[in-house]
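Protein chains get the first letters and strands the later ones, always in sequence-line order, with residue 1 at the start of each.
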Protein chains: 2
Amino acid sequence: MQTPLNIAIVGATGSVGEALVEILEERAFPVGDLHLLASMESAGKAVAFRGKNVRVREVDSFDFKQVGLVFFAAGEAVSHTFAPRAIEAGCAVVDLAGALQAPAVVPEANAQAFLAGRKAVSPCSPAIALAVALAPLRGMLAMQQVTVTACLAVSSQGREGVAELARQTAELLNVRPLEPAFFDRQVAFNLLAQVGAPDALGHLTLEKRIAEQLRETLGLPLLSISTTCLQAPVFFGDSLALCIRTQGPVDITQVRAVLSVAPGLELVEEPGDYPTAVGDAVGQDVVYAGRLRPGLDDPCELNLWLVLDNVRKGAALNAVQIAELLIKDLT
Amino acid sequence: MQTPLNIAIVGATGSVGEALVEILEERAFPVGDLHLLASMESAGKAVAFRGKNVRVREVDSFDFKQVGLVFFAAGEAVSHTFAPRAIEAGCAVVDLAGALQAPAVVPEANAQAFLAGRKAVSPCSPAIALAVALAPLRGMLAMQQVTVTACLAVSSQGREGVAELARQTAELLNVRPLEPAFFDRQVAFNLLAQVGAPDALGHLTLEKRIAEQLRETLGLPLLSISTTCLQAPVFFGDSLALCIRTQGPVDITQVRAVLSVAPGLELVEEPGDYPTAVGDAVGQDVVYAGRLRPGLDDPCELNLWLVLDNVRKGAALNAVQIAELLIKDLT
Ligand SMILES: NC(=O)c1ccc[n+]([C@@H]2O[C@H](COP(=O)([O-])OP(=O)(O)OC[C@H]3O[C@@H](n4cnc5c(N)ncnc54)[C@H](OP(=O)(O)O)[C@@H]3O)[C@@H](O)[C@H]2O)c1
Ligand SMILES: NC(=O)c1ccc[n+]([C@@H]2O[C@H](COP(=O)([O-])OP(=O)(O)OC[C@H]3O[C@@H](n4cnc5c(N)ncnc54)[C@H](OP(=O)(O)O)[C@@H]3O)[C@@H](O)[C@H]2O)c1
C-alpha cells in the first residue's frame with residue numbers, strides 16, 4: 001500500500017465535490033486526513049467518508065500546509081484565489097474549474113506528457129469525452145477537423161442547474177406560470193442554444209475551452225475544432241454528436257477494432273442499440289460510444305455519438321485519475 | 001379572388017393534418033369543398049373549418065375525382081397506397097411523408113425550379129429549416145460541407161410521440177417505474193441518439209432524406225452533408241446546430257446582411273439573445289436563426305443555430321405554400 005496523503009477538497013458540498021469524496025473511497029485512494037472545504041454557508045455540515053463523518057469547513061481560514069494534495073471544485077473564482085495559496089504551501093493541485101495555468105490532463109490521452117507535473121487541470125466534461133474517444137485514433141487517422149455538438153446536462157451548471165430544471169418541470173406540469181431564475185429562460189422541454197455568455201465573435205468560453213483542451217490533451221495543435229454547446233433538459237449526463245474529417249479515407253472496421261479495446265471507452269454496437277446519458281452513462285466510469293458510421297457521401301469522414309457522466313468521468317473521476325498519476329511522485 | 005378548389009387532407013386528425021386545416025383557413029386559401037380523411041378509427045369525428053364542422057371520413061372509400069388537390073399527411077405507407085390513386089384521378093398532390101417520386105420543394109429555396117409541377121414532396125422539417133437558411137447564401141458562399149445535428153421534438157413522431165413524453169415525464173416525477181412504449185427507452189430528461197432504425201452502415205432514413213432533400217432544394221448536387229438526428233425531450237419545435245465549410249473565407253458581416261432580409265427567416269441577434277424552439281418557434285411561421293458566428297480557428301467556416309415549428313413550417317405551412325404555387329396553374 002502507498003503512504004497515505006493528506007488531502008483537501010475545495011467545493012466538497014457541490015455535485016462534483018460529493019462525487020470526489022465517493023470516488024476517493026471507491027478507488028481506495030491512499031487518503032490520510034481528508035479536509036472538506038466550502039463557503040461559509042456550508043461550514044459545519046457533515047459528510048460521510050469511510051464510515052466516519054467529516055465536518056465541512058470554510059476554505060478562507062484553511063491552512064494548506066496541512067495537506068499534500070488539493071482538489072479545486074468550487075468554480076473559477078475560488079481556484080484563482082486559493083490555488084496559488086495551496087501551491088505556495090507546497091501542495092500538488094488538481095483544478096476542476098479550468099482556471100489554473102497548468103497542463104490539461106485526461107489520463108487515457110496524455111498521461112505520458114504529464115508524468116513530471118505537480119499541478120494539473122482536469123478538462124471540462126465534453127473535452128474529456130472527446131479526448132478519451134479520439135486519443136486511440138491518433139495513430140491511425142490523420143484527423144483534420146472535428147465538429148461537435150455537445151448537449152450538456154443541467155448538472156454541468158452545478159446543484160442550482162439541477163434544482164431549476166426540477167422546479168421548471170413541476171411548474172409546467174402543474175400549469176403554473178413559469179418563472180425562469182437560474183437559467184435565463186425555459187429549459188424544461190426546450191433546448192438552449194448556449195451555456196453562458198458569448199464573446200464578441202459569438203463563441204462561448206466553454207466552446208473555446210473544449211477546443212483548446214482537446215488539442216492539448218490529444219497533442220494535436222493543428223486540429224481544427226468547431227463546437228456548439230447546448231443546454232439540454234437532462235439532469236445528468238452529457239451527450240455529444242461528432243463528425244471527424246480526415247486527410248485520407250476512413251476504414252470504419254479498423255476504427256471499430258481500435259475503439260472496442262480503447263481504455264475508458266465502451267462501444268455499444270449491438271444492432272439497433274446505442275447508449276444514452278440516462279440509460280448508460282449516469283453513475284458509470286467509462287465514456288460510452290455508439291452510432292459509429294462513415295460519412296453519407298464523404299469517404300474521409302467518421303461520425304460518432306458519445307455519452308458520459310459529466311460529474312464522474314467528466315469531472316471527479318478524471319480528477320482522481322490525475323491524482324493517481326500525481327501521487328506516484330508524491331508518496 | 002381565385003376560383004375555389006376542392007381539397008382533401010389525408011391524415012386530417014394528426015398533428016400535421018390539424019395544422020393544415022388551420023393554415024388553409026389562416027391564409028385564406030381558395031378552398032371550395034374540404035374533405036377530411038383518416039383511418040377507420042377517426043371516421044365520424046368533427047373538425048371546425050371556417051366556422052362549420054367538417055366530418056372526418058375514411059380514406060379507403062374516398063373518390064378522389066371530387067377534388068383537385070390532395071395533401072398527404074398520414075405516413076409513408078398511406079402515401080404509397082393512395083397518392084397514385086389521387087394522381088390517376090387527376091389531382092395535384094402534395095406529399096408530406098416524403099414517399100412520392102416528385103420534386104422536393106421549399107418555396108423560399110426552389111419555387112422557380114418547380115413552377116410546372118402538379119405533384120410535390122414537402123421535405124422533412126430539418127431539411128426545410130436548412131433550405132430556408134442556406135438558400136439565400138448560395139450566391140455568396142461556395143458551400144462545400146454542411147454538418148448538422150438536428151434535435152427533433154417528439155411531435156415529429158406525431159401524436160403518439162407527444163403522449164409518450166408527457167406520460168414518461170409524469171411517471172418519473174411521481175417516482176413510478178418507467179415503462180417506455182412508443183419510444184424504445186426513456187426519452188424524458190434524456191436524449192436518444194437516433195430516430196428510427198439505422199441501415200447497415202449506421203445511417204437513419206431521416207438522415208439520408210435530409211441530405212438528399214437539402215441538395216435538391218438548394219440545387220447543389222455536390223454539397224457534402226453530414227447529419228445526426230437526435231430525439232430530444234421537447235414537445236414542439238426542432239432545433240439544429242450547423243457548421244458550414246466553404247471554399248473561401250467567410251465574411252460574417254455579409255452573411256448577416258443577407259440573412260437579416262432572407263424570406264421566411266428571422267435572425268435573432270440582439271447581444272446575448274438567441275432563439276429557442278419553445279420561446280420563439282412554436283406557433284410561428286418563420287425559421288428563427290441565431291448564434292451566427294465564424295469558425296474558432298477556420299476562416300472558411302460558418303456556424304449557425306436554427307429553430308422552427310416542426311408541425312407548421314416544418315410540415316403543414318410549407319405544404320400550403322407549395323399548394324399556393326400549384327394553384328397558380330390549377331385555378
Ligand atoms: N458539474 C459538472 O458537470 C462539472 C464538470 C466539470 C467541471 N466542473 C467544475 O467543477 C466545479 C464545481 O462544480 P459543481 O457542479 O460541483 O458546482 P456546485 O454543485 O454548484 O457546487 C459548488 C461548490 O463550490 C463551493 N463554493 C462556491 N462558492 C464558494 C466560495 N466562494 N468559497 C468556497 N466554496 C465555494 C460550494 O460550496 P457551498 O456549499 O458552501 O455553496 C460547493 O461546494 C466548477 O468549477 C465546475 O466548473 C463541473
Ligand atoms: N410531425 C411532424 O413534425 C412532421 C413534419 C414533417 C412531415 N411529417 C409527416 O406528416 C405525416 C403526419 O405526421 P403527424 O405528425 O401528423 O402524425 P400523427 O399525429 O400520428 O397523425 C397521423 C395521421 O395519419 C392518419 N393515418 C394513420 N394511418 C392511417 C391509415 N392507414 N389510413 C388513413 N389515415 C391514417 C391518422 O388518422 P387516425 O386519426 O385515423 O389514426 C392521423 O390523421 C407523416 O407522414 C409525417 O412523416 C410530420
Handout entry: Residue among A/Gly202, A/Pro275, A/Ala188 with most heavy-atom pairs under 4.5 Å to chain B
Key = A/Gly202
Exercise for the section: Find the one option among A/Leu242, A/Val154, A/Thr228 whose heavy-atom pairs under 4.5 Å with chain B are most numerous. Expected result: A/Thr228
Practice task
Determine the minimum heavy-atom distance between B/Leu296 and A/Thr227, stating which atoms define it.
Solution key: CD1-OG1, 4.4 Å
Exercise for the section: Assess whether side chain to side chain contact (heavy atoms under 4.5 Å, CB included) is satisfied between B/Cys151 and A/Leu230, documenting all intermediate values. Expected result: CA-CA 11 Å; B/Cys151 306; A/Leu230 311 185; 4.1 Å; yes
Fill in the blank from the handout: The interface call for A/Leu223 against chain B, heavy-atom contacts under 4.5 Å, is backbone
Problem - Nearest heavy atoms of A/Leu201 and B/Arg293, plus distance in Å - result: O-CB, 3.3 Å
Problem - Side-chain heavy atoms of B/Gln145 within contact of A/Cys243, under 4.5 Å - result: no
Exercise for the section: With a 4.5 Å cut-off on heavy-atom pairs, point out which of A/Leu165, A/Leu292, A/Val307, A/Leu192 contacts chain B the most. Expected result: A/Leu192
Exercise for the section: Answer whether the closest heavy-atom distance between the side chains of A/Phe235 and B/Asn190 falls below 4.5 Å. Expected result: no
Exercise for the section: Could you tell me whether the side chains of A/Arg245 and B/Ser226 share a donor-acceptor contact shorter than 3.5 Å? Expected result: no
Handout entry: Test item: A/Glu301 and B/Thr147 side chains (from C-beta on) under 4.5 Å apart, heavy atoms
Key = no
Completion exercise
Under 4.5 Å to a heavy atom of chain B? For A/Ala193 that would be both
Exercise for the section: Provide the closest heavy-atom pair for A/Trp305 versus B/Leu191 in the form atom of the first, atom of the second, distance. Expected result: CZ2-O, 4.0 Å
Completion exercise
In short, A/Glu207 meets B/Arg291 closest at the heavy-atom pair OE2-NH1, 2.6 Å
Handout entry: salt bridge (charged side-chain N to carboxylate O under 4.0 Å, His left out) contacts in which one or both residues fall within residues 208-218 of chain A, not counting sequence neighbours
Key = A/Glu76-A/Arg209, A/Asp199-A/Lys208, A/Arg215-B/Asp297
Practice task
Go through the atoms of B/Ala277 and report whether side chain, backbone, both or neither lie under 4.5 Å from a heavy atom of chain A.
Solution key: both
Problem - Residue among B/Asp280, B/Asp273, B/Thr276 satisfying side-chain hydrogen bond (donor to acceptor under 3.5 Å, both in side chains) with A/Arg185 - result: B/Asp273
Problem - Options A/Gly295, A/Pro294, A/Ala211, A/Gly279, ranked by heavy-atom pairs under 4.5 Å with chain B, top entry - result: A/Pro294
Exercise for the section: Against chain B, label A/Leu173 side chain, backbone, both or neither, depending on which of its atoms sit under 4.5 Å from a heavy atom there. Expected result: side chain
Exercise for the section: Quick one: which of A/Asp298, A/Leu204, A/Val282 has the most heavy-atom pairs under 4.5 Å with chain B, could you say? Expected result: A/Leu204
Practice task
Could you check if a side-chain atom of B/Tyr274 sits within less than 4.5 angstrom of a side-chain atom of A/Asp184, using non-hydrogen atoms only?
Solution key: yes
